[in-house]
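The residues of the chain are indexed from 1 along the displayed sequence. Just so it is clear, the values below take in all heavy atoms, side chains as well, and ignore hydrogens, waters and symmetry mates.
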Amino acid sequence: MFDVVYEDGSLSSNRKVASSELGGLDGDAPATAIIEAQDEKIAALSGRPRGKIKSITRSSNRTRSATRASGRSKAG
């Protein structure tokens, strides 16, 4: 999951990208193209275009979710 900041300052949090698309020599680089494609689809359906992407970073919620999930599996 990724947080996306657009050039206009807006933020889109926890955007999903399949883990099978990431890693290898390119690392997280493919996430940009995938999220841009998602934005194009959203814009086509909503009729409202998204701005240009300024930056993409991994969501910090991912580590919190993983921690909670591991805690639940130990307790359950």
Side-chain angles (χ1 to χ4, degrees):
M1 296 183 56
F2 292 86
D3 293 333
V4 181
V5 177
Y6 294 91
E7 288 183 351
D8 66 359
S10 61
L11 172 70
S12 180
S13 299
N14 300 320
R15 297 285 298 271
K16 293 181 182 178
V17 175
S19 60
S20 61
E21 300 292 329
L22 306 173
L25 297 175
D26 293 329
D28 289 345
T32 301
I34 293 166
I35 291 173
E36 286 173 343
Q38 292 173 354
D39 282 353
E40 289 174 17
K41 185 175 181 181
I42 291 167
L45 294 172
S46 71
R48 294 176 30 181
R50 287 285 193 141
K52 287 190 145 202
I53 294 173
K54 181 177 180 180
S55 66
I56 296 177
T57 56
R58 283 200 178 253
S59 297
S60 60
N61 291 341
R62 181 175 182 197
T63 49
R64 281 187 236 142
S65 297
T67 302
R68 278 190 231 132
S70 65
R72 272 189 242 129
S73 63
K74 290 177 184 176

Legend entry - Worked verdict on Tyr6 versus Asp39 for side-chain contact (heavy atoms from CB on, under 4.5 Å): CA-CA 11 Å; Tyr6 294 91; Asp39 282 353; 2.8 Å; yes
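- Residues that satisfy the side-chain contact (heavy atoms from CB on, under 4.5 Å) test with Leu45, not counting sequence neighbours, are Lys41.
- The nearest pair of heavy atoms linking Pro49 to Ala43 is CA-CB, 3.7 Å.
- The line from CG of Asp8 to NZ of Lys54 is 10.0 Å long, rounded to the nearest 0.5 Å.
- Scored by the side-chain contact (heavy atoms from CB on, under 4.5 Å) test, Ala18 finds Ser20, Glu21 as partners (sequence neighbours excluded).
- Here the OG-CE distance, from Ser19 to Met1, works out to 12.5 Å after rounding to the nearest 0.5 Å.
- In this structure, Ile35 CD1 and Ile56 CD1 are separated by 4.0 Å, a value rounded to the nearest 0.5 Å.
- Closest heavy-atom contact between Val4 and Arg15: CG2-CG, 3.9 Å.
- Gln38 contributes a side-chain N or O that, together with a main-chain N or O of Lys16, makes up a donor-acceptor pair within less than 3.5 Å.
- Inter-residue side-chain proximity for Ile34 and Phe2 is flagged as unmet; no heavy-atom pair is nearer than 4.5 Å.
- With values rounded to the nearest 0.5 angstrom, Glu7 atom CD is found 13.5 Å from Arg50 atom CZ.
- Heavy-atom minimum distance, Ser59 versus Asp3: OG-OD1, 2.9 Å.
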